[in-house]
Structures are given as C-alpha cells and as structure tokens.
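Encoded as structure tokens, the structure appears first; notes follow it.
We number each residue from 1, following the sequence as shown.
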Amino acid sequence: MQEEELRVGDLDQYLFGQGTHYDIYKKLGAHKTKRNGRTGVYFAVWAPNAAAVNVIGEFNGWNEENIPMERLEPLGIYEAFVPEAKVGMLYKFLIHARDGRKLYKADPFANSSELRPGNASKIADIPNFRWGDSTWMEKRELQDVNEMPMSIYEVHPGSWKKHPWNEQNEDGFYNYRELAHSLTEYVKEMGYTHVELMGIAEHPFDGSWGYQVTGYYAPSSRYGTPEDFMYLVNYLHKNKIGVILDWVPAHFPRDAHGLAEFDGTCVFEYADPRKGEHPDWGTKVFDFGKNEVKNFLIANALFWLEQFHVDGLRVDAVASILYLDYGRQDGQWVPNKYGGNKNLEAIEFFKHLNSVVLGRNHGALMIAEESTAWPMVTGRPEDDGLGFSMKWNMGWMNDFLEYMKLDPYFRKYNHNKMTFAMSYTYSEKYILVLSHDEVVHLKCSMINKMPGLYDDKFANLKAGYSFMIGHPGKKLLFMGQDFAQFQEWSEARELDWYLLGEEKHRHLQNYVKELLHLYKSNPACYEADNHPTGFEWINADDGDRSIFSFVRHSFDGKNNLLFVVNFTPVARQDYRVGVPKKKQYRLILNSDAEEFGGSGKEQPLVYRAVSQECDGREYSFAYDLPAYGVAVFKF
C-alpha cells in the first residue's frame with residue numbers, strides 16, 4: 001500500500017509534461033492508499049480534452065454521477081480518492097467528451113483487468129509480492145549480454161499446453177503458476193537459456209496473439225493475477241532462465257474501451273489519419289510527438305523490467321514505427337519536414353527509450369524486430385544509432401528458409417543464400433530467429449517446409465538447426481519446432497505433444513536438446529558472436545556438394561569447434577576437411593548416432609590432422625560424412 005497522501009503533484013505534472021516521469025505509473029491508475037486516516041483507492045487519469053470525468057465501479061454500483069473527478073491543471077489529469085473502493089473491484093472511467101458523448105474507458109494504467117469479453121479494469125495492489133530472485137537479479141546487473149549464451153524458446157502461453165475442457169476453465173488455459181512449473185521443467189531439460197512470452201499485456205482478442213494491446217500495464221487475466229505472473233517470472237529466475245516479453249509500441253486497437261480517441265479526441269494517437277492509422281492492420285499509431293505519450297510507453301517498458309523483473313523486451317514491428325510510409329500508398333502518408341519518409345519523432349523516441357531503460361537496468365535487453373536495412377539499430381544513440389541491445393536477423397531467416405525449402409539438387413545453385421549473411425553479420429548485434437510468424441498463415445510448419453519424403457524431412461531439419469546453432473548470433477526457436485510439429489501453429493489449440501510418442505519426433509527432439517546443450521556449454525558458440533575473430537570459414541564455396549564447413553573460435557583460443565554440415569542426401573566417404581592447426585580433433589556431435597534416428601554406425605571419436613593440403617589449408621583430416629550428415633569437432 002502507498003504511503004499517506006498519494007496524489008499527483010505539481011512536480012509529477014511537470015515531469016510527465018516533459019516526458020521524463022519514469023515512475024508515472026505509481027501515480028496514474030488506481031492505487032490503494034490512505035487519506036486523513038481512511039484507507040481507500042486513489043484514481044488518476046490523463047484526459048486533457050474531456051469536459052468532465054467520473055470514476056464508476058463496483059464500489060458505487062456503477063453510479064455515473066456520484067464520484068466526479070477533480071481536474072488538475074495544466075495537463076488535464078483527473079483525480080479522486082474513493083474510501084469505498086477495495087482491491088479486486090472492477091471500475092472504469094466515464095469520460096464526458098466535449099461533443100456530448102459518454103465514453104466508458106478502461107484505465108490505461110490499470111495493473112489488472114476483467115477477463116475478456118469483459119473489459120473493465122480491476123483494482124490491484126502489486127507492490128506486496130515477495131521476490132526470491134535476488135541472486136539472478138544481481139548476476140544480471142553484471143553480465144555482458146553480448147558475450148553470454150542466448151537460446152530463446154518463444155512461447156504463446158495460451159496454446160503451449162491446455163487442460164482438458166471443463167466448465168470452470170472452458171479455454172483450458174494453464175494459469176501462470178502452473179505454467180511456471182511445467183514450462184521451467186521443459187526449458188531446463190531442453191537447454192534453452194531464455195523464454196520469450198507472447199501476449200502477456202492485456203488484449204481483447206485472442207486471435208491477435210497479444211499484438212493489439214488495450215492494457216499496457218496489466219498482465220493478461222486469461223492466465224491469472226499480476227501476482228501469479230510475478231510468480232512465473234520469479235520461478236523461472238530461480239531456475240536460471242531469463243524472461244523476455246513481446247512489447248508493442250507500434251500500434252493499438254480501436255476497441256471502444258481502449259486508448260483510441262480516449263477523451264473523445266486523439267490523445268494517444270496522431271490526429272492526422274495519414275500518420276495515426278495503419279491501413280493494413282486497422283489500428284491506431286501512437287503520437288511520438290507528444291511527451292506524455294512517449295512517457296506512457298517509456299515508463300511502461302521500465303514497469304515490466306523494474307516491477308515484474310522481466311529481463312528484456314522484444315519490440316514488435318519497429319520498421320512500421322520508423323517509416324512514415326510503412327504499409328501506405330502514395331497520398332496516404334505525410335513526409336517529414338525534410339521531405340523524407342523517416343519518422344524523426346520515432347527515432348528520438350527509440351534513442352530516449354533505450355538510453356533510459358538500459359541505463360537504469362544494466363544487463364537487460366531491448367531487442368528490435370526490425371525488418372529493413374535501417375542502419376545502426378544496435379548502434380549507440382550518441383553515435384546516431386537507435387540504441388537497441390540486439391536485432392532480429394530477418395535477412396538470415398528469409399535466406400535460410402528459402403534454401404531449406406529447395407530440393408537438394410537445386411541447392412548448389414543457391415549456395416550463396418547460406419553464406420550471404422556473413423557479409424553483414426557484424427553490422428548489428430543479431431539474433432537468428434525461426435519465430436511464430438514463419439509457421440502460420442499457410443507458410444507450413446518447419447518440418448513441412450523441408451523437401452523430400454518423411455525421413456528426408458527430419459534429416460533436413462537436423463542439418464538446418466545445426467547450421468543455425470553454429471552460425472554467429474543468438475538463437476530463437478518457436479515452440480513446437482524442436483520436436484517437428486506437423487500442423488501450423490494455432491492459438492486455439494495446444495501443441496501436438498502426442499507426436500513425442502513417435503520415434504522420429506522423439507529423435508529430433510533429442511537432437512535439438514543435444515544442440516542446445518552443446519551451444520550453452522561451449523563459449524566458442526556464443527562469446528565472440530560480434531567479433532570477426534569468432535568465426536572462420538573453412539570452405540564456404542563447396543556449392544557442388546552443398547557442404548559447409550566453418551570454425552567457431554573462443555576468445556582464449558581453447559576449445560574451438562569445427563562444424564561440417566552436408567545438405568544433400570549423398571554420403572561422402574572419406575570427406576576431407578581443411579583445418580587451421582595440426583592438432584587432434586574430437587568428434588562431439590554426430591547426427592548419424594542412433595539416439596538421433598541415424599544409422600548408429602561407429603565412428604572414431606578422435607581425428608589427427610595430417611600435413612595434406614585441403615580447402616586452402618596446410619592441414620586436414622578425413623571423415624565419413626553421411627547423407628545430410630552433421631559433425632562437430634572440438635579442438
């Protein structure tokens with residue numbers, strides 16, 4: 001509970017008006033407090049162009065007249081203290097627009113919400129949760145995110161697993177606490193380092209997957225209370241698993257109870273529809289020219305990291321914010337003052353956002369899902385970069401998937417698709433992603449993108465995942481891809497876990513598990529992701545045989561890894577590979593092992609390089625490389 005006399009003061013208004021009140025969520029919204037010795041709830045809402053505002057709720061029988069709110073100048077914040085209001089009660093703001101309309105709005109700063117299809121806000125009291133993750137948080141403060149292992153498991157909580165239907169839980173959702181135990185067990189066993197959770201901020205429509213948000217400050221009530229969500233983060237941290245949330249500052253829906261035309265006018269969105277509306281998505285665009293709107297979003301990012309201990313935010317649809325003409329035809333957009341298509345206000349917003357969030361939370365992550373060649377997304381703001389920690393590598397993903405879909409015969413004509421990313425990999429700090437977007441809307445599941453018959457599909461997928469793990473950049477896999485789910489993903493049903501009763505799917509899952517543990521336990525795979533010294537092609541040009549060989553180097557030059565990946569169904573007896581040093585090379589991963597569905601043929605575990613030129617190298621050794629074979633050697 002807040003201290004005596006919680007209220008919005010002159011300094012709060014000044015800072016909010018400047019766009020620098022980073023804890024504004026502690027004042028706006030609904031907060032349990034005391035006034036004149038009485039316990040109650042303090043309500044405050046920003047509605048600058050309203051004629052009047054009342055707070056209505058279960059505490060006054062939804063009476064539209066008996067709790068008028070007092071307007072504070074100069075910003076137009078309305079406040080009221082209500083002794084009858086209690087934690088858990090539903091409420092809304094009744095906004096009287098100047099044109100006479102009555103608008104029934106959910107609280108933009110609410111920490112909890114009614115379960116959809118209801119859309120009222122719910123009074124919550126979140127500061128009382130007792131955290132037990134101090135070891136994790138202290139370690140996070142000291143970590144260098146660029147040099148740590150990062151293999152992310154992207155999860156949509158509502159469809160990861162479901163309970164059988166019953167009347168109390170018609171959707172079958174796991175609540176946050178159930179999810180904590182079940183998800184943690186799976187993620188630890190598989191070897192992922194982080195989970196990325198989709199759709200946590202409150203949203204009205206399940207089919208938006210959480211990308212059309214109405215409650216930016218409220219964990220979705222589909223899966224429980226704010227305390228339940230804190231329990232999930234706390235539990236993951238105690239098990240040494242990081243938590244990333246999808247975060248959506250790009251747009252918001254038009255739902256009548258949400259942010260759209262909040263006080264009868266465009267408060268949160270640009271007033272000009274050529275800037276304030278996304279034609280493709282039918283949504284509203286935040287007005288990055290308004291300090292209070294930027295403050296709403298920056299404080300929201302800080303809220304998740306500092307109040308909920310989240311380790312990072314993956315910022316959705318960054319390109320749609322940066323480009324004024326994104327998804328718009330000629331005449332549908334307004335150029336900037338220089339006549340260009342860059343949103344100068346949005347650029348300033350990102351620099352401000354990332355400077356503050358990362359400046360206050362060392363070791364946290366701000367990740368850009370940015371799909372163009374915008375320069376210096378991960379560059380420092382002082383060097384005119386946007387200041388993100390990392391960027392999704394969409395270029396690598398597109399090239400990789402195009403290559404993997406090809407019949408192996410045609411791969412030799414597209415060899416460069418797998419090597420091209422190395423020409424720009426050090427221009428940004430990248431995450432290699434195979435996300436939910438790639439397995440929906442008739443794009444096929446990962447296994448069904450693969451060419452060939454049943455067995456070939458699994459062999460192709462093993463080779464593809466191996467290449468991904470070896471390639472510079474952090475990693476992300478969407479749920480279901482690690483055991484070759486056949487169906488496309490749908491938010492309406494759980495993953496096809498029954499497939500793990502079949503040998504092929506179990507073998508693939510074993511193989512991905514082996515890859516993830518190999519990645520996490522070998523610094524050569526991750527610590528020099530952003531240094532040219534960390535990666536070396538052995539042979540990038542063996543297009544005729546569609547074989548790639550490369551080395552990942554550690555900083556100290558010890559325990560380096562040699563990857564050899566064969567993308568055709570042709571076995572290469574005595575495949576000779578050039579190597580950097582005349583040393584012993586120990587086989588630590590063989591995709592042909594029986595536990596991964598391979599032939600189980602015995603292979604020597606140690607290979608001694610000899611003085612025989614190959615791949616332009618003085619030294620080499622020979623190895624039996626199976627069809628679609630993958631071999632990883634340590635030296």
Side-chain angles (χ1 to χ4, degrees), residues 1-3 6-8 12 16 21-34 39-46 55-59 77-82 85-93 105-116 118-131 157 175-177 197 199-204 210 213-234 243 245-249 252 255 257-259 262 268 295-310 313:
M1 185 165 73
Q2 298 283 352
E3 295 297 318
L6 171 72
R7 68 189 323 156
V8 173
D12 295 312
F16 188 44
H21 197 322
Y22 302 128
D23 298 328
I24 188 65
Y25 54 82
K26 293 180 179 176
K27 294 291 182 79
L28 294 182
H31 301 282
K32 187 178 175 186
T33 187
K34 280 186 177 178
T39 298
V41 173
Y42 175 75
F43 295 92
V45 62
W46 178 55
V55 61
I56 59 175
E58 292 183 315
F59 40 79
I77 290 173
Y78 288 79
E79 66 169 5
F81 175 73
V82 183
K86 303 282 187 288
V87 170
M89 286 183 169
L90 299 177
Y91 70 99
K92 277 191 177 182
F93 294 118
K105 291 289 188 178
D107 179 358
F109 285 89
N111 296 142
S112 186
S113 182
E114 189 179 13
L115 179 64
R116 55 97 179 96
N119 53 43
S121 299
K122 185 184 286 189
I123 302 167
D125 187 20
I126 64 171
N128 290 329
F129 185 82
R130 293 184 63 181
W131 291 93
N175 69 36
Y176 292 120
R177 289 172 189 261
L197 300 172
I200 294 301
E202 193 60 85
H203 53 284
V213 175
T214 48
Y216 277 82
Y217 285 83
S220 177
S221 55
R222 288 167 178 78
Y223 319 120
T225 66
E227 291 78 12
D228 294 337
F229 180 66
M230 287 172 163
Y231 180 94
L232 168 63
V233 176
N234 194 47
V243 182
L245 297 190
D246 275 4
W247 188 61
V248 192
F252 56 89
D255 294 64
H257 69 282
L259 300 179
F262 187 76
F268 287 93
N295 199 149
F296 172 82
L297 289 167
I298 293 170
N300 185 242
L302 291 165
F303 169 80
W304 290 110
L305 268 70
E306 295 174 2
Q307 300 299 305
F308 284 87
H309 291 202
V310 162
L313 300 176

Compute whether any side-chain donor of one residue and acceptor of the other, for [X] and [Y], lie under 3.5 angstrom apart.
{"X": "His309", "Y": "Asn234", "answer": "no"}
{"X": "Ser121", "Y": "Glu114", "answer": "no"}
{"X": "Asn300", "Y": "Tyr25", "answer": "no"}
{"X": "Glu58", "Y": "Tyr91", "answer": "no"}
{"X": "Lys122", "Y": "Asn111", "answer": "no"}

What distance do [X] atom [atom1] and [Y] atom [atom2] have between them, rounded to the nearest 0.5 Å?
{"X": "Ile24", "Y": "Tyr217", "atom1": "CD1", "atom2": "OH", "answer": "8.5 Å"}
{"X": "Phe43", "Y": "Ile123", "atom1": "CZ", "atom2": "CD1", "answer": "4.0 Å"}
{"X": "Leu90", "Y": "Ile56", "atom1": "CG", "atom2": "CD1", "answer": "11.0 Å"}
{"X": "Phe303", "Y": "Leu297", "atom1": "CZ", "atom2": "CG", "answer": "13.5 Å"}
{"X": "Tyr22", "Y": "Leu302", "atom1": "OH", "atom2": "CG", "answer": "8.0 Å"}
{"X": "His31", "Y": "Ile126", "atom1": "NE2", "atom2": "CD1", "answer": "8.5 Å"}

Given 3.5 Å as the limit, does a donor-acceptor pair link the side chain of [X] with the main chain of [Y], or not?
{"X": "Tyr223", "Y": "Arg177", "value": "no"}
{"X": "Lys32", "Y": "Val87", "value": "no"}
{"X": "Trp247", "Y": "Tyr216", "value": "no"}
{"X": "Asn175", "Y": "Gly224", "value": "no"}
{"X": "Arg7", "Y": "Lys27", "value": "no"}

Note, [X] side chain near [Y] side chain (heavy atom, < 4.5 Å):
{"X": "Trp304", "Y": "Pro219", "value": "yes"}
{"X": "Met230", "Y": "Trp131", "value": "yes"}
{"X": "Phe268", "Y": "Pro108", "value": "yes"}
{"X": "Val8", "Y": "Leu28", "value": "yes"}
{"X": "Trp46", "Y": "Ile77", "value": "yes"}
{"X": "Asp255", "Y": "Asn119", "value": "no"}
{"X": "Asp246", "Y": "Leu197", "value": "no"}
{"X": "Lys92", "Y": "His257", "value": "yes"}

Problem set entry | Full working for ring-ring contact (aromatic ring centres under 6.0 Å, His included) between Phe296 and Phe109 | CA-CA 9 Å; Phe296 172 82; Phe109 285 89; 5.3 Å; yes

Which heavy atom of [X] sits nearest a heavy atom of [Y], and at what distance?
{"X": "Gln307", "Y": "Lys26", "answer": "NE2-CE, 3.8 Å"}
{"X": "Gly215", "Y": "Ala201", "answer": "O-CB, 3.8 Å"}
{"X": "Glu306", "Y": "Asp23", "answer": "OE1-OD1, 4.5 Å"}

For this session: Evaluate side-chain contact (heavy atoms from CB on, under 4.5 Å) for Ile200 paired with Tyr176, printing each intermediate quantity in order.
Result: CA-CA 10 Å; Ile200 294 301; Tyr176 292 120; 4.1 Å; yes

Problem set entry | side-chain contact (heavy atoms from CB on, under 4.5 Å) evaluation trace for Phe59 with Val41 | CA-CA 10 Å; Phe59 40 79; Val41 173; over 6 Å; no

For this session: Evaluate the side-chain contact (heavy atoms from CB on, under 4.5 Å) criterion for residues Phe308 and Phe229: first the C-alpha distance (whole Å), next the side-chain angles of each, then the deciding distance (0.1 Å), finally the verdict.
Result: CA-CA 8 Å; Phe308 284 87; Phe229 180 66; 3.4 Å; yes

Exercise. Going through the distances and angles, do Ser221 and Leu115 end up as a side-chain contact (heavy atoms from CB on, under 4.5 Å)?
Worked result: CA-CA 5 Å; Ser221 55; Leu115 179 64; 4.0 Å; yes

For this session: Take Ser220 and Glu202, measure what side-chain hydrogen bond (donor to acceptor under 3.5 Å, both in side chains) needs, and give me the verdict at the end.
Result: CA-CA 4 Å; Ser220 177; Glu202 193 60 85; 3.2 Å; yes

